[in-house]
Protein chains: 2
Amino acid sequence: MERSTRQRTAIRDAIEAAGRPLSPQEVLEVARLQVEGLGMATVYRNLKLLLDDASIALVQLPGDGPRYESSVHDHHHHFQCKQCQRVFDVHQCPGDLSKLAPPGFSVERHEITLYGQCKDCLSAAPATSAPSKSAVHNHPPTGH
Amino acid sequence: MERSTRQRTAIRDAIEAAGRPLSPQEVLEVARLQVEGLGMATVYRNLKLLLDDASIALVQLPGDGPRYESSVHDHHHHFQCKQCQRVFDVHQCPGDLSKLAPPGFSVERHEITLYGQCKDCLSAAPATSAPSKSAVHNHPPTGH
DNA sequence: ATAGATGCAAAGAGTTTGCATAGGT
DNA sequence: ACCTATGCAAACTCTTTGCATCTAT
């Protein structure tokens with residue numbers, strides 16, 4: 001059975017607390033604040049376990065590595081800021097998109113990613129310099 | 001300036017002729033039919049050059065490696081078949097999605113990916129076995 | 001005490017780069 | 001002849017795996 005370790009708890013908590021999808025590297029950085037010697041292999045192993053658990057959800061954006069977020073959310077999409085690269089949840093959805101596909105194709109699912117500038121970057125520096133790129137410590141608006 | 005080599009021509013032609021986005025591996029396989037000893041490094045280098053040229057366009061689907069297609073197309077989206085994994089163009093678009101983003105965010109661009117079953121897989125084997133996975137030689141409907 | 005979990009380092013997959021050679025112009 | 005393009009192999013990044021050790025139960 002599955003054991004409760006400091007590492008696993010730190011990793012799960014990091015993702016729960018983030019409020020936005022985190023990359024494995026970001027998860028490591030945040031979880032290391034709780035567990036000093038935490039290794040990347042442990043992060044990857046636990047991400048996989050927590051995914052199977054459905055404790056967390058996988059977020060895949062086009063052309064970017066995997067991110068992970070709390071699986072509490074229902075169907076939603078994502079917004080990536082072109083300045084700070086952070087990803088935010090978008091809880092609006094245009095609904096059924098099956099009419100977009102070519103005739104004869106069956107559509108079961110869709111993914112939508114919006115790109116632009118987030119609130120922080122728009123106000124902080126309109127189209128100029130950006131907030132910190134790792135941005136692990138920020139808890140910006142998530143659009144809930 | 002840029003030279004016209006057998007390799008470059010074979011790579012460009014492979015992408016033009018495909019009618020759907022190809023992975024670097026698929027490009028290599030197709031282009032090798034024209035140029036025997038073609039190496040992967042050459043494929044990658046030329047993909048980059050042709051991208052700069054805007055001769056080809058980069059297609060990024062969530063959680064998948066890069067694909068490349070002829071840049072002749074205008075704004076469009078993509079459909080990935082969950083059986084054969086091939087990607088097809090979708091020329092319909094729901095239009096402006098900026099109202100989906102959280103307030104205070106500015107939306108400049110969007111990506112949509114549809115998932116389901118393509119015409120071939122639906123008719124060939126309704127929800128059972130799939131056509132060849134590399135599928136480099138097929139030219140299925142592209143939804144134009 | 002036992003079996004799962006961890007950390008490190010090595011192994012993989014995909015992509016990029018250095019370098020000597022081949023080949024357009 | 002010049003200088004870009006190629007092929008090979010090594011380097012790199014991200015992720016996974018093997019193995020000895022640690023630790024929750």
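Residue numbers begin at 1 in each chain, while the letters A, B, ... track the order of the sequences.
- In this structure, A/Met40 atom CE and C/dG7 atom P are separated by 13 Å, rounded to whole Å.
- Side-chain contacts under 4.5 Å among hydrophobic residues (ILVMFWY), followed directly or transitively, place A/Leu61 together with A/Val59, A/Val87.
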Considering only nitrogen or oxygen atoms on both sides, find all protein atoms under 3.5 Å from nucleotides 11-13 of chain D and state each distance.
none

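- Rounding to whole angstrom units, OH of residue A/Tyr68 and C1' of D/dC14 are separated by 11 Å.
- Under 4.0 Å is where a charged nitrogen must lie from a carboxylate oxygen, and between B/Glu69 and B/Arg67 no such pair does.
- The backbone N or O of A/Ser23 sits less than 3.5 Å from a side-chain atom of A/Glu26, completing a donor-acceptor pair.
- Whole-Å rounding puts the B/Leu49 CG to D/dT6 C1' distance at 12 Å.
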Check your understanding: Along nucleotides 18-25 of chain C, 5' to 3', which nucleotides get a B, which get an S, and which get a -, given that the test is a protein heavy-atom distance under 4.0 Å?
Key -> B----BBS
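- The nearest whole Å value for the distance from the CG atom in A/Leu38 to the P atom in C/dA5 is 15 Å.
- Residue A/Ile11 contributes atom CD1, which lies 12 Å from atom P of C/dA5 at whole-angstrom precision.
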Report, one line per pair, each donor and acceptor closer than 3.5 Å where one atom sits in a side chain of residues 48-56 of chain A; sequence neighbours left out.
from: A/Asp53; atom 1: OD2; to: A/Ser55; atom 2: OG; distance (Å): 3.3

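- Across the interface with DNA chain C, nearest-nucleotide mapping of A/Thr42 and B/Gly65 shows A/Thr42 to be the residue nearer the 5′ end.
- Around CD of A/Glu36, the count of heavy atoms belonging to other residues, nucleotides or ligands within 6.0 Å does not exceed 12.
- Protein atom CG of B/Asp52 is 16 Å distant from nucleotide atom C1' of D/dT4, rounded to whole Å.
- Between the NZ atom of A/Lys48 and the P atom of D/dT17 there is a distance of 6 Å, given to the nearest Å.
- Residue B/Tyr115 belongs to no hydrophobic cluster, having no ILVMFWY side-chain heavy atom closer than 4.5 Å to its own.
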Exercise for review: Given side chain to side chain contact (heavy atoms under 4.5 Å, CB included), test B/Arg86 with B/Arg20 step by step and report yes or no.
Suggested key: CA-CA 8 Å; B/Arg86 289 180 300 176; B/Arg20 61 184 179 84; 3.8 Å; yes
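- A/Thr42 places no side-chain N or O within donor-acceptor distance of the main-chain N or O of A/Leu38, the cut-off being under 3.5 Å.
- The side-chain hydrogen bond (donor to acceptor under 3.5 Å, both in side chains) search around A/Arg32 returns none, not counting sequence neighbours.
- Taking atom CG on B/Asp64 and atom P on C/dA13, their separation rounds to 17 Å, with Å as the unit.
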